[in-house]
Asker: 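Handing you a structure now.
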Amino acid sequence: MRQKLTFLTINAVGGIAVLASYAYGALQYADAVPALWGDIPRWMMGLYTLNMLLAAAGYLMMFFYVLKSLPDDCRTDNGGLLIERLNTLSGVILFCSALWMPLSFAVLSAPNMDLWLCIRAVLLATGIAALIFAHQVAKYAEDRSLFFTLSLCAYAFFCVQTALLDALIWPYYFPI
């Protein structure tokens, strides 16, 4: 139960940090917010936005699955607790996600290759951690209920958002 409390705490604190970084960026740099789209084609923006909403819903669904349905004593191949791995991965996802907006506005204010590489690193780390999270749940969770399946399918939108759209496509269109 202690590990689930840690999971809840990581997600509460990390989620607030992510939302706060977005709110601060939107308020502090309101005029620059459209520039965050970079040169992404207009037709792609609608699909991107729709997937952002589905990704957020998928993350929340997986969050509730872990809290409500994942057994506290679910073990991995090496005997470790799955929830401990998920705590680490959640921390990486949320920490890196909270850095994206401030780094992006910083690079818009003063284009800099070092900042650009930091952005790429946090986006790649977020996407990789999201994919590993999904893999770990799929591999080790013994529950194969409908809630498990729906949570994993919904979380796939989060993986598409972080590992494909944010880590690979967005940087291609974001000018430096």
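Excluded from the calculations below are hydrogen atoms, water molecules and symmetry mates; all remaining heavy atoms, backbone and side chain alike, are included.
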Asker: Where the side chain of Gln161 meets the backbone of Ala55, is there a donor-acceptor pair that is under 3.5 Å apart?
Answerer: no
Asker: Using a 3.5 Å distance criterion without hydrogens, assess whether the side chain of Lys4 forms a donor-acceptor pair with backbone atoms of Pro71.
Answerer: no
Asker: Nearest 0.5 Å please: distance from the CZ atom of Arg144 over to the CZ atom of Phe148.
Answerer: 4.0 Å
Asker: Output the distance between atom CD (Gln136) and atom OG1 (Thr88), rounded to the nearest 0.5 Å.
Answerer: 10.5 Å
Asker: To the nearest 0.5 Å, what is the distance between CG on Leu117 and CG on Leu124?
Answerer: 10.5 Å
Asker: Please check if any side-chain donor atom of Tyr172 sits under 3.5 Å from a side-chain acceptor atom of Asp39, or the reverse.
Answerer: no
Asker: For the backbone of Arg42 and the side chain of Trp37, can you confirm whether one donor and one acceptor N or O come within less than 3.5 Å of each other?
Answerer: no
Asker: For a ring-ring contact (aromatic ring centres under 6.0 Å, His included) check, start with the C-alpha distance between Trp100 and Tyr22, then their side-chain angles and the critical distance, and finish with the verdict.
Answerer: CA-CA 9 Å; Trp100 172 78; Tyr22 279 50; 5.8 Å; yes
Asker: Counting only heavy atoms not in Asp31, do more than 12 sit closer than 6.0 Å to its CG atom?
Answerer: no
Asker: Using side-chain contact (heavy atoms from CB on, under 4.5 Å), reason through Phe174 and Val107 one step at a time and then give a plain yes or no.
Answerer: CA-CA 10 Å; Phe174 191 76; Val107 87; 3.4 Å; yes
Asker: Please test Leu53 against Phe157 for side-chain contact (heavy atoms from CB on, under 4.5 Å), starting from the C-alpha separation and ending with a verdict.
Answerer: CA-CA 9 Å; Leu53 297 172; Phe157 288 103; over 6 Å; no
Asker: Within the side chain of Tyr59, is there an N or O that forms a donor-acceptor pair under 3.5 Å with the backbone of Tyr155?
Answerer: no
Asker: Verify, without hydrogens or angle tests, whether Asp73 (side chain) and Leu81 (backbone) share a donor-acceptor contact under 3.5 angstrom.
Answerer: no
Asker: Would you mind checking if Arg2 and Asp72 are paired as a salt bridge, meaning a charged N to carboxylate O distance below 4.0 Å?
Answerer: no
Asker: As a quick check of understanding, evaluate side-chain contact (heavy atoms from CB on, under 4.5 Å) for Leu131 and His135, giving each step before the final call.
Answerer: CA-CA 6 Å; Leu131 291 170; His135 173 264; over 6 Å; no
